[in-house]
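These notes are about the structure you will find just below.
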There are 2 protein chains.
Amino acid sequence: MKYSEYKKLLKDHTLRITDCRINVLEKFYNTTHALSFKNLEDALSDYDRVTLYRTLSSFIEKGLLHRIPSDDGYASYGLCREDCTEGGHHHDHVHFKCNVCGHIECLPAYHVPKVELPGYEVNEQNLIVSGVCKICRKSFNGE
Amino acid sequence: MKYSEYKKLLKDHTLRITDCRINVLEKFYNTTHALSFKNLEDALSDYDRVTLYRTLSSFIEKGLLHRIPSDDGYASYGLCREDCTEGGHHHDHVHFKCNVCGHIECLPAYHVPKVELPGYEVNEQNLIVSGVCKICRKSFNGE
DNA sequence: GAATTAATGCAACCAAATTGCATCATGACT
DNA sequence: AGTCATGATGCAATTTGGTTGCATTAATTC
């Protein structure tokens with residue numbers, strides 16, 4: 001993706017264009033898996049931690065990123081490819097966590113099956129599947 | 001549940017019988033929803049934080065409790081009604097988070113639908129549904 | 001009931017995340 | 001382009017959640 005496209009993306013989500021934000025966006029768009037705060041901090045060490053925290057939360061608020069809960073407590077962040085806005089997030093894709101490489105992926109191709117819970121009002125569903133990802137399985141079999 | 005039953009429960013999971021552990025168990029068995037660490041700390045303030053943390057982790061290790069991840073980062077803990085042991089946990093029930101009262105419930109009656117992910121090896125699945133729980137819906141409609 | 005082993009409480013510690021505030025940059029407007 | 005209001009950034013300080021070490025106390029085994 002080009003610089004001007006990142007700029008547009010920010011503009012479209014009513015966010016000011018800054019170096020830090022462009023760099024964070026770039027990082028997300030050039031990675032197949034979700035990123036933890038630590039990932040970002042390591043990759044973009046010239047920005048203050050506080051700034052990165054605030055960048056993440058503004059991105060979540062404006063519908064650019066979504067938070068992916070994890071069983072170990074460390075959240076990751078994934079790009080919103082759907083039409084998320086400031087109004088709210090609308091995700092129904094599956095999240096996969098690989099126990100070998102530790103990466104968390106969004107699987108936009110796989111939708112969370114709707115669960116019927118009589119008596120309850122269901123607003124959101126979040127499915128986290130864990131196991132071994134494609135890449136790690138291949139490198140196992142390859143040797 | 002009676003005191004002697006809690007004792008048996010601890011014994012069966014190779015845990016020593018202590019006041020703190022009995023009280024924690026009691027708390028879980030007398031609540032319909034999952035409990036966060038904060039919940040426990042408030043309810044059992046005569047025990048040290050450290051002791052409660054260690055109680056929780058020993059219970060998880062021995063298969064009495066399971067950790068329920070949440071999107072907001074605050075984990076909750078729920079009773080294992082299934083046959084979990086030190087060897088491992090075996091849960092496939094749905095977790096529900098109410099956005100009104102904030103409580104997280106285990107729904108043992110509802111199982112997580114198996115997702116097929118070609119190329120991946122699936123070990124575990126975790127489904128968190130959020131919305132409005134039965135009780136909160138009723139109190140809405142009641143007025 | 002004595003010995004062994006584990007649980008508890010306290011203090012200190014550590015890491016993750018947040019807040020306040022001064023400074024600097026962005027975008028709107030002339 | 002230049003000015004101004006507003007928002008973003010970086011630093012220091014603080015808060016929060018959780019852990020570790022260790023001495024004391026309690027539970028289990030014989």
Side-chain angles (χ1 to χ4, degrees), chain A residues 3-4 6-27 34-65 67-77 86 102 104, chain B residues 3-4 6-27 34-65 67-77 86 102 104:
Chain A
Y3 180 79
S4 62
Y6 293 125
K7 275 176 73 169
K8 184 175 183 326
L9 206 56
L10 288 172
K11 219 170 233 170
D12 288 349
H13 289 82
T14 62
L15 284 162
R16 284 196 178 179
I17 289 135
T18 69
D19 269 20
C20 178
R21 287 176 179 169
I22 298 276
N23 277 303
V24 171
L25 268 187
E26 207 169 19
K27 190 89 187 101
L35 297 171
S36 67
F37 178 77
K38 186 103 189 27
N39 290 153
L40 269 188
E41 198 185 9
D42 291 346
L44 301 169
S45 53
D46 38 337
Y47 297 104
D48 195 88
R49 287 161 22 86
V50 178
T51 304
L52 292 175
Y53 276 119
R54 291 198 261 229
T55 303
L56 284 178
S57 51
S58 66
F59 278 12
I60 291 170
E61 195 190 325
K62 300 291 185 172
L64 274 166
L65 293 178
R67 190 194 194 89
I68 308 167
S70 178
D71 44 348
D72 58 11
Y74 286 88
S76 280
Y77 305 88
E86 193 160 2
I104 295 178
Chain B
Y3 181 78
S4 61
Y6 293 127
K7 274 176 73 169
K8 185 174 182 325
L9 207 56
L10 289 173
K11 219 171 232 166
D12 289 349
H13 288 82
T14 63
L15 283 162
R16 285 198 177 178
I17 289 134
T18 69
D19 269 20
C20 178
R21 287 177 179 168
I22 298 277
N23 277 304
V24 170
L25 267 187
E26 207 169 20
K27 190 90 187 101
L35 297 171
S36 66
F37 178 78
K38 186 103 189 27
N39 291 152
L40 270 188
E41 198 185 11
D42 292 345
L44 301 169
S45 54
D46 37 338
Y47 296 105
D48 196 87
R49 285 160 16 90
V50 179
T51 304
L52 292 175
Y53 275 119
R54 291 197 262 231
T55 302
L56 283 177
S57 50
S58 66
F59 279 11
I60 291 171
E61 195 190 324
K62 301 290 186 174
L64 274 166
L65 292 179
R67 191 195 192 86
I68 308 166
S70 178
D71 44 349
D72 58 12
Y74 287 88
S76 280
Y77 304 89
E86 193 160 0
I104 295 179

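Only a predicted model underlies this, so the values are computations on that prediction, with no experimental measurement involved. Note on naming: letters A, B, ... go to the chains in the order of the sequence lines (proteins, then strands), and numbering restarts at 1 for each one.
For the pair B:D19 CG and D:dA26 C1', the interatomic distance rounds to 10 Å; values are reported in whole Å. Whole-Å rounding puts the B:D48 CG to D:dT20 P distance at 15 Å. Protein atom NZ of A:K11 is 11 Å distant from nucleotide atom C1' of C:dT26, rounded to whole Å. Rounded to whole angstrom, the span from the CD1 atom of A:I17 across to the C1' atom of D:dG7 amounts to 13 Å. In this structure, the NZ atom of A:K38 is 15 Å from the C1' atom of C:dC14, given to the nearest Å. Rounding to whole angstrom units, CD of residue A:E61 and C1' of D:dG7 are separated by 13 Å. Rounded to an integer number of Å, the gap from A:Y47 OH to C:dA25 C1' is 13 Å. Rounded to an integer number of Å, the gap from CG of A:L52 to C1' of C:dA16 is 14 Å.
Listed candidates were C:dT8, D:dG18, D:dG10. Nearest to the side chain of B:Y53 is D:dG18. Here C:dT18 is the nucleotide among C:dT18, C:dG27, D:dG18 with the atom lying nearest to any side-chain atom of A:V50. In the set D:dA12, D:dT28, C:dA17, C:dA17 carries the atom at the smallest distance from any side-chain atom of A:R49.
Shown are A:I68, A:V24, A:I60; of these, the side chain to side chain contact (heavy atoms under 4.5 Å, CB included) with A:Y77 is made only by A:I60.
Each of A:T55 and B:R16 was matched to the nucleotide of DNA chain D holding its nearest heavy atom; the match closer to the 5' end belongs to A:T55.
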Exercise. Please walk me through it: do B:T55 and B:T18 pass side chain to side chain contact (heavy atoms under 4.5 Å, CB included)?
Worked result: CA-CA 10 Å; B:T55 302; B:T18 69; over 6 Å; no

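Of all heavy-atom pairs between A:K62 and A:H13, the closest is O-CD2, 3.0 Å. In plain terms, the two heavy atoms of B:T14 and B:E86 that are nearest each other are OG1-OE1, 4.1 Å.
The backbone N or O of B:A75 lies less than 3.5 Å from no partner atom in the side chain of B:R67, so there is not a single donor-acceptor pair.
Among the atoms of the strands shown, only primed sugar atoms or phosphate atoms (P, OP1, OP2) are found under 4.0 Å from some heavy atom of A:R21.
Judged by atom type and distance alone, A:R54 reaches the base of D:dG10 through a side-chain donor-acceptor pair under 3.5 Å.
Contact annotation: A:T18 side-chain N/O to D:dA8 OP1/OP2 distance is not under 4.0 Å.
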